[in-house]
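In what follows, a single structure is set out as structure tokens and then discussed.
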Amino acid sequence: MLKDLNFDSLVNPYPRTRNPIYAQNGMVATSQPLAANAGLEILKKGGNAVDAAVATAAALTVVEPTSNGIGGDAFAIVWMKGEMHGLNASGPAPKSISIEAVKAAGHNKMPTHGWTPVTVPGVPGAWASLIEKFGALSLSEVLAPAIKLAVGGFPVSPAVSYYWQRSYEIFDKSEHRAELDEWFATFAPDGYAPEPGELFFSVNHAKTLREIGQTEGKSFYEGELAKKMVAASSAAGGYLSFDDLASFKPEWVKPISVNYRGYDVWEIPPNGQGIVALMALNTLKGYSFKEKESVETYHLQFEAMKRAFLSGKHYITDLSKMGVAVDDLLSEEFASLQRNKIGDRASDVEPDLVPAKSGTVYLATADKDGNMVSYIQSNYMGFGSGVVVPGTGIAMQNRGHDFSLDESAANRLEGGKKSYHTIIPGFLTKAGQAVGPFGVMGGYMQPQGHVQVVMNTVDFHLNPQAVLSAPRWQWVEGKSFIIEKEFPTWIAKQLLARGHDVKVELESGAFGRGQIIWRDAESGVLIGGTEDRCDGFVAHY
């Protein structure tokens with residue numbers, strides 16, 4: 001803690017007032033200035049947008065461990081030399097796990113903490129795959145800034161300190177507390193979560209990053225790091241095996257899209273929930289929106305989003321096991337059916353989706369040659385499972401928590417299967433040319449944030465910073481929505497009159513954290529916006 005400085009508060013007490021950022025040669029936008037600067041350092045060293053994205057992602061595992069880690073999953077959309085590529089680096093459940101085994105262990109639903117909800121981590125595989133396919137530098141070179149931060153220490157930012165403290169309290173009360181001892185030894189070595197401005201060092205984390213770089217990720221999946229993960233899992237009665245890790249490979253996929261008023265909006269196909277945003281936009285493009293701040297605009301957004309989510313929750317799972325085609329969900333026929341169900345009042349739908357708290361980081365990068373990356377990675381629900389592999393600094397995700405133990409559910413637990421996944425990168429193009437990457441992290445807020453970003457940009461012509469700073473809303477369940485305190489009161493009252501259950505949420509973290517980089521097609525000038533609900537930053541030159 002900065003004991004010599006007497007601040008009344010470490011939180012900015014004033015309204016959001018940032019302007020967008022302009023640059024010509026390169027840009028990195030993310031939730032932590034130190035991580036953004038790591039990406040910029042790599043750009044200036046001769047790396048491209050992909051190199052910068054991996055450098056930023058690795059640095060985020062160090063400086064924002066409350067939201068992501070080496071033991072998490074990742075997705076990316078890459079615009080490289082005028083072509084688009086998608087990467088799904090989410091891992092499956094261990095092959096030996098089953099509904100029967102989990103129930104026999106005394107669970108009637110998937111637990112949140114401990115080794116049971118741990119799935120195969122995809123983050124190191126994402127880094128290695130991206131650098132192998134597109135990198136101008138080696139993996140060791142792009143991980144160097146993150147290693148330097150881990151060894152030399154970094155001052156913990158206010159937002160990260162807040163969520164670190166919250167995780168400490170949750171883990172301390174967890175029924176799986178015995179499995180979380182290594183988390184406390186790694187992330188609270190002095191018996192408390194670090195305070196704002198306090199220096200934190202991650203020596204084991206640095207060693208692991210160095211080994212991942214030197215082996216191009218192989219140690220993590222078939223070497224010494226893999227052996228340490230399996231040993232820790234086995235000792236705690238977990239299901240993760242060496243074969244689970246060795247057989248994992250990130251998948252290069254074709255992104256999916258809908259055309260929204262002349263712009264193509266791109267997402268990664270399921271098992272991610274990006275298709276929820278596309279379904280909602282497909283429904284909304286059938287209406288004409290004259291102004292942003294009107295009750296009719298918000299009513300239609302609320303209803304379209306709600307119905308898209310219900311469809312997504314019913315169908316989305318591992319793509320190979322989905323019972324419906326993606327094209328059918330994105331068809332005009334399906335969108336028309338959704339519109340026909342929307343009336344003048346809030347609809348009464350079954351509350352079969354209750355959003356979980358989340359922990360995710362999103363970043364966007366662009367280089368001087370027009371290459372751009374939309375990248376997201378997460379441990380889920382903060383630090384994830386709470387499990388840390390001894391001596392490595394690897395915090396394991398808990399993506400398996402989203403599996404259902406209901407045999408009839410599309411997203412039911414099966415060994416070797418990928419779960420419904422909340423983290424989604426977005427990308428916008430027009431007439432075959434890149435407009436740029438965008439994303440809003442935060443569990444089930446993400447597709448809702450994507451819809452708001454696209455409409456604020458396309459329908460209401462806001463600049464990228466205004467797009468992100470505008471008050472947000474989020475569907476929770478049934479007729480229930482939460483809104484930010486800056487949301488227009490007069491519209492909230494009219495929404496209540498239409499039957500929507502609208503409540504003000506004072507916790508800004510509930511509405512996600514976004515980043516945007518747009519590129520002007522004629523001049524090549526980059527324009528960026530970052531999240532002012534956290535420690536967001538746009539590094540540029």
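The structure presented is a predicted model; accordingly, all values stated were derived computationally and were not measured.
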Let me see the working for Glu222 and Leu245 under side-chain contact (heavy atoms from CB on, under 4.5 Å), right down to the final yes or no.
CA-CA 7 Å; Glu222 50 191 270; Leu245 293 165; over 6 Å; no
Count the heavy atoms of every other residue, nucleotide or ligand shown that sit under 6.0 Å from [atom1] of [X], and state whether that count exceeds 12.
X: Glu83; atom1: CD; value: no
X: Glu211; atom1: CD; value: yes
X: Lys133; atom1: NZ; value: yes

Tell me yes or no: between the side chains of [X] and [Y], is some donor less than 3.5 Å from an acceptor?
X: Tyr362; Y: Ser374; value: yes
X: Ser469; Y: Arg533; value: no
X: Asp402; Y: Tyr380; value: yes
X: Thr317; Y: Asn411; value: yes
X: Glu195; Y: Tyr162; value: no

Donor-acceptor check, side chain of [X] to backbone of [Y], threshold 3.5 angstrom: yes or no?
X: Gln474; Y: Ala510; result: yes
X: Glu169; Y: Arg166; result: no
X: Asp73; Y: Gly91; result: yes
X: His450; Y: Gln448; result: no
X: Ser233; Y: Leu240; result: yes
X: Thr66; Y: Tyr163; result: no
X: Asp244; Y: Ser241; result: yes
X: Asp367; Y: Gly47; result: no
X: Thr215; Y: Ser219; result: yes
X: Asn371; Y: Ala49; result: no

Between [X] and [Y], is any pair of side-chain heavy atoms under 4.5 Å apart?
X: Ile268; Y: Ile77; answer: yes
X: Phe537; Y: Asn37; answer: yes
X: Val151; Y: Val203; answer: no
X: Glu182; Y: Ile394; answer: no
X: Asn398; Y: Asn379; answer: no
X: Ile376; Y: Gln446; answer: yes
X: Pro196; Y: Val156; answer: no
X: Val78; Y: Met84; answer: no

According to side-chain hydrogen bond (donor to acceptor under 3.5 Å, both in side chains), does anything in residues 46-63 pair up with another residue at least two apart or in another chain? List the pairs.
Thr61-His205
As an exercise, state the distance from CD of Gln214 to OG of Ser138, rounded to the nearest 0.5 Å.
10.5 Å
Asn271 side, atom CG; Arg399 side, atom CZ - distance, nearest 0.5 Å:
9.5 Å
Indicate, with yes or no, if the rings of Tyr168 and Phe184 have centres closer together than 6.0 Å.
yes
Before we go on, tell me: are the rings of Phe75 and Trp266 under 6.0 Å apart, centre to centre?
no
Can you see which heavy atom on [X] is nearest to which on [Y], and at what distance?
X: Ile97; Y: Ala93; value: CG2-CB, 3.9 Å
X: Tyr221; Y: Gly125; value: OH-N, 3.0 Å
X: Val28; Y: Gly39; value: CG2-C, 3.9 Å
X: Trp252; Y: His85; value: CZ3-CB, 4.1 Å
X: His421; Y: Ser90; value: CD2-CB, 3.5 Å
X: Ser378; Y: Ile423; value: CB-CG2, 3.5 Å

Residue pairs, two or more places apart or on separate chains, that pass ring pair (Phe, Tyr, Trp, His ring centres under 6.0 Å) and touch residues 92-118:
His113-Phe171
Do Lys44's NZ or CZ and the ring of Tyr541 fall within the cation-pi criteria of under 6.0 Å and 45°?
yes
Establish, yes or no, whether the cationic atom of Lys227 lies under 6.0 Å from the six-membered ring centre of Phe242 and within 45° of the ring axis.
no
According to side chain to side chain donor-acceptor pair (under 3.5 Å), who are the partners of Thr392, at least two apart in sequence or on a separate chain?
none
I'd like to check the side chain to side chain donor-acceptor pair (under 3.5 Å) partners of Glu41; sequence neighbours left out, ordered by chain and number.
none
Sequence neighbours excluded, which residues qualify as ring-ring contact (aromatic ring centres under 6.0 Å, His included) partners of Tyr375?
none
Give the intermediate values and the outcome of side chain to side chain donor-acceptor pair (under 3.5 Å) for residues Ser129 and Glu132.
CA-CA 5 Å; Ser129 294; Glu132 179 184 15; 5.2 Å; no
Checking Val63 against Phe200 for the side-chain contact (heavy atoms from CB on, under 4.5 Å) test, could you report, in this order, the C-alpha distance in whole Å, the side-chain angles of both residues, the deciding distance, and whether it holds?
CA-CA 9 Å; Val63 300; Phe200 192 82; over 6 Å; no
side-chain contact (heavy atoms from CB on, under 4.5 Å) between Gln397 and Thr119, worked out:
CA-CA 7 Å; Gln397 65 182 3; Thr119 53; 2.6 Å; yes
For Gln24, enumerate each residue passing the side-chain contact (heavy atoms from CB on, under 4.5 Å) test, keeping only those at least two apart in sequence or located in another chain.
none
Considering the options Gln32, Arg513, Glu64, which one meets the side chain to side chain contact (heavy atoms under 4.5 Å, CB included) requirement together with Asp535?
Gln32
So that I can tick it off, tell me whether [Y] and [X] are bridged by a salt bridge, with the cut-off set at under 4.0 angstrom between side-chain N and carboxylate O.
X: Arg177; Y: Glu179; result: no
X: Lys418; Y: Glu251; result: yes
X: Arg472; Y: Glu531; result: yes
X: Lys95; Y: Asp243; result: yes

Do Gln515 and Phe438 pass the side-chain contact (heavy atoms from CB on, under 4.5 Å) test, and can you show the C-alpha distance, the side-chain angles, and the key distance before you say yes or no?
CA-CA 6 Å; Gln515 314 292 333; Phe438 70 93; over 6 Å; no
Please assess Phe220 against Trp127 for the test ring pair (Phe, Tyr, Trp, His ring centres under 6.0 Å), listing each intermediate value before the final yes or no.
CA-CA 12 Å; Phe220 192 90; Trp127 297 346; 8.9 Å; no
